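Report on one structure; see the data block that follows.
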Amino acid sequence: MKNIYLLLLLVGIVLRFFFHFIIPTFNVDEISLGNNIKYSNYIELLYPLKFGQSSPPLYLLIQKFIISIAPFSFWINIKILSFISLTLGLIFFYFIIRKYQFKIIFILLFIIILFNPFIVANSLTVKQYTIDLTGIILLIYLFKSNWFLRYGWIYFIVWCLISNIGLFACAGYLIYTFFIHKSYVNFKSTIIYIKNNILIFLSPFPYLIYFHWYMNQDGATEMKSFMVNYWANSFILLDGGIFKYLIYTIHGLWVYLLNAFEIWGLFLMLLMVPFFVYLKKKELLFKQEIFLLFSILLVHLILNIFHLYPFSDRLYLYLAPLFVLILGSSISVFFEIKKIKKYFSVFIVTISMVTLFLYSLYTPYSDNDVVSLYEKLNELETETVYVTEKSMDCIKNFNEFTDNEFNRGNTFKIIDENLEESEYIISRVSKKIKLNVSSPEEEIVQNLINQKKIVKINSVNGYNIFQIR
C-alpha cells in the first residue's frame with residue numbers, strides 16, 4: 001500500500017506540473033492580479049491595486065520577489081509559488097495518511113485530493129487559493145503537535161498575511177479549542193483559556209492593522225463596493241430565499257468537491273451520512289480534525305451572513321479536506337459492520353476506480369486555453385481567423401501577459417457581415433465543470449448558427465471553432 005500511495009502522489013504532482021507549465025491557462029482574474037504584480041513595485045503592491053483584484057500583502061510581496069529573482073519567463077515565475085505550495089500540500093496529506101499505516105480506506109480520499117479536476121484546476125492559479133488549501137492541510141497535520149502548541153501563533157501570523165483563509169482558520173482554531181477544553185464552564189476557566197492562548201488571539205493583529213490602513217487608502221472604498229456588488233449572489237439570504245440558496249450551495253459542493261457527474265457525486269455525498277449518525281462516538285475517525293475544520297467553515301459563514309466575505313465555488317477549495325475527512329470517517333463506520341467487513345477492500349477499490357475514471361473524462365477543467373487554441377488553428381493551416389470582440393480581448397490579454405511566448409502569428413479579424421476573408425470563426429465560451437458544458441454562445445455567433453451560416457468543427461477549454469459554410 002505504501003508504494004501505491006507513493007505512486008499516486010508522484011502522478012498527482014506530475015499531472016499538476018503538466019497543466020502548470022506545459023499547457024498553461026490564465027483566466028481574467030489571474031491576468032489582472034498578475035499584471036499588478038508584474039507592473040507594480042513592492043510599495044505599490046501594499047495599496048489598492050491598479051488593475052483591480054486584491055490579495056493579502058505577504059502573498060503579493062512573495063510573488064513579486066519570486067518574479068524578480070527567478071530566471072524563467074514571467075508566466076513561469078508567477079506560477080512557481082503555487083506549484084511549490086500545492087506540492088507541499090499533497091506531500092503533507094500523504095503524511096497524514098502515513099500516520100494510519102497506509103490503510104486502504106484512505107485511497108479514495110487521496111484520489112479525490114490528487115485528481116479531482118476542480119481541485120487540480122483551482123490549485124493551478126495566480127490567486128492565493130492554493131495556499132488556502134495547503135494551509136488547511138498543514139493545520140490538520142500539525143495542530144495536535146507540541147510544536148504547534150508552542151509556536152502556532154507564528155503559523156497564524158504568517159498565514160493571515162498570506163491568505164484570508166488564515167484569518168478564518170485562526171478564529172476557527174480558537175473556537176475549536178475553547179469548546180474542546182470546556183473553557184466555557186465558568187468565568188475563571190475562560191480567563192485561563194485566554195491567558196494560555198493570548199499569542200494566538202494576537203496573531204491576526206498585524207493583518208488587521210494592515211487591513212484598517214488599507215481601507216483608508218484611495219480606491220479602497222470603491223473596490224469594496226465593486227466586490228460586494230460582484231459577489232452579491234454569493235451571500236446567504238436571511239429570508240425565504242435561503243432554502244433555494246442552501247440547495248444550490250449543497251449541490252455545488254458535491255459537484256465541485258466530490259464529482260461533477262451528478263449521480264456519482266450524490267452517491268459520494270450520501271456516503272458521508274454515517275459520520276453524522278454516529279457523531280457521538282468518541283473513537284470516530286478524524287473527529288477532532290473535522291470539528292476543527294467545521295469551526296473554520298463556521299467563521300466563514302458568519303462573515304458571509306454579514307456580507308463581509310463571499311461563499312462561492314471559487315472559494316470551495318479549502319473545504320476539500322473537510323469533505324474528504326468526513327467521507328473517510330463515514331467509510332470507516334462501514335468497515336466496522338461485520339457482514340460487509342470482508343467485502344470492504346473490494347468496495348473501496350471499486351468506488352475509488354470509478355471515481356478516478358469519471359475524473360479522467362473531464363480533465364482538464366480549465367478555461368481560456370489559448371495555447372491549445374493556437375494548436376488547433378495550426379492544424380487548420382489558416383492564418384486569418386474571424387473572432388468575436390470578447391475572444392479578441394481574451395487572446396490579446398493572454399499574449400501580453402505571457403509576453404507573446406505562445407503567439408503563432410495568426411491574424412485575428414473582428415467578425416463583420418461579409419465573412420469573406422476567412423473560413424473560420426472563433427467564439428469565447430466559459431468552460432463549465434461538467435463534461436462538454438460551457439456558457440451560451442455570444443449573440444452574434446448564435447445568430448450565425450441559427451442562420452446555418454457556420455458549423456462547429458472543434459473546441460478547446462474556453463473557445464469554440466466554427467467553419468463558415
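Just so it is clear, the model here is predicted, and its values are computed rather than measured. Note that these values count all heavy atoms, side chains included, but never hydrogens, waters or copies made by symmetry.
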Can you give the donor-acceptor pairs under 3.5 Å from side chains of residues 148-160 to other protein atoms, not counting sequence neighbours?
from	atom 1	to	atom 2	distance (Å)
Trp153	NE1	Arg150	O	3.2
Tyr155	OH	Gly135	O	2.7

Please indicate whether [X] has more than 12 foreign heavy atoms, meaning atoms of other residues, nucleotides or ligands, lying under 6.0 Å from its [atom1].
| X | atom1 | answer |
| --- | --- | --- |
| Tyr248 | OH | no |
| Asn229 | CG | yes |
| Asn186 | CG | yes |
| Ile22 | CD1 | yes |
| Phe95 | CZ | yes |
| Tyr100 | OH | yes |
| Phe294 | CZ | no |

Whether the side chain of [X] engages the backbone of [Y] through a donor-acceptor N/O pair (distance < 3.5 Å, no angle test) should be reported.
| X | Y | result |
| --- | --- | --- |
| Asn461 | Tyr365 | no |
| Asp367 | Ser430 | no |
| Asn122 | Leu317 | no |
| Ser203 | Ile200 | yes |
| Lys432 | Ser439 | no |
| Ser352 | Ile348 | yes |
| Lys99 | Tyr141 | yes |
| Ser123 | Val120 | yes |
| Arg16 | Leu114 | yes |
| Asn77 | Ile66 | no |

Looking only at side chains, do [X] and [Y] share a donor and an acceptor under 3.5 Å apart?
| X | Y | result |
| --- | --- | --- |
| Tyr47 | Ser40 | no |
| Glu405 | Ser73 | yes |
| Ser189 | Ser183 | no |
| Asn259 | Tyr359 | no |
| Asp369 | Thr25 | no |
| Ser55 | Gln128 | yes |

I'd like to know whether the aromatic ring centres of [X] and [Y] sit less than 6.0 Å apart in this structure.
| X | Y | answer |
| --- | --- | --- |
| Phe118 | Tyr256 | yes |
| Phe406 | Tyr374 | no |
| Tyr94 | Tyr5 | no |
| Phe235 | Tyr245 | no |
| Phe323 | Trp254 | no |
| Phe110 | Phe115 | no |
| Phe17 | Phe21 | yes |
| Phe398 | Phe401 | no |
| Tyr184 | Phe179 | yes |

For [X], which residues count as a salt bridge (Lys or Arg N to Asp or Glu O under 4.0 Å) partner, sequence neighbours excluded?
| X | answer |
| --- | --- |
| Lys434 | Glu262 |
| Asp313 | none |
| Lys144 | Glu289 |
| Asp132 | none |

Quiz prompt | side chain to side chain donor-acceptor pair (under 3.5 Å) evaluation trace for Ser163 with Tyr129 | solution = CA-CA 8 Å; Ser163 166; Tyr129 303 147; over 6 Å; no
Residues two or more places apart in sequence or in another chain: which of them pass side-chain contact (heavy atoms from CB on, under 4.5 Å) with [X]?
| X | answer |
| --- | --- |
| Met215 | Phe211, Ala220, Lys224 |
| Lys244 | none |
| Asn27 | Asp29, Glu30 |
| Pro57 | Leu46, Leu161, Tyr207, Tyr210 |

Please examine the side chains of [Y] and [X], heavy atoms only from C-beta on, and report whether any two atoms are closer than 4.5 Å.
| X | Y | value |
| --- | --- | --- |
| Asn368 | Val28 | no |
| Phe72 | Ile80 | yes |
| Tyr309 | Leu315 | yes |
| Lys188 | Ile192 | yes |
| Asn464 | Ser459 | yes |
| Asn35 | Leu49 | no |
| Leu81 | Ile131 | yes |
| Tyr362 | Phe261 | yes |

Quiz item: Between atom CD1 of Ile113 and atom CG of Leu8, what is the distance when rounded to the nearest 0.5 Å?
Solution: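 Separation between the atoms: 13.0 Å.
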Quiz prompt | Atom pair CD1 (Ile165) and SG (Cys170), whose distance is rounded to the nearest 0.5 Å | solution =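 The distance works out to 13.0 Å.
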Self-check item: Contacts of type ring-ring contact (aromatic ring centres under 6.0 Å, His included), residue His181, not counting sequence neighbours
Solution: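 By the ring-ring contact (aromatic ring centres under 6.0 Å, His included) rule, His181 matches no residue at all.
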Quiz prompt | For Trp231, all residues meeting ring-ring contact (aromatic ring centres under 6.0 Å, His included), sequence neighbours excluded | solution =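 Trp231: no ring-ring contact (aromatic ring centres under 6.0 Å, His included) contacts found.
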Quiz item: Should the pair His20 and Phe83 be assigned to parallel (<30°), tilted (30 to 60°) or perpendicular (>60°) ring geometry?
Solution: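 Geometry flag for Phe83 against His20: perpendicular rings.
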Quiz prompt | Cation-pi, Tyr463 ring and Arg428 (6.0 angstrom, 45 degrees) | solution =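 Yes, cation above the ring, under 6.0 Å and within 45°.
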Practice problem: Can you tell me which residue pairs pass the salt bridge (Lys or Arg N to Asp or Glu O under 4.0 Å) test with a partner in residues 70-89, sequence neighbours excluded? | Solution: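 Residue pairs passing salt bridge (Lys or Arg N to Asp or Glu O under 4.0 Å), neighbours aside: none found.
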Quiz prompt | Steps toward ring pair (Phe, Tyr, Trp, His ring centres under 6.0 Å) verdict (Phe65, Tyr42) | solution = CA-CA 9 Å; Phe65 177 74; Tyr42 288 97; 7.5 Å; no
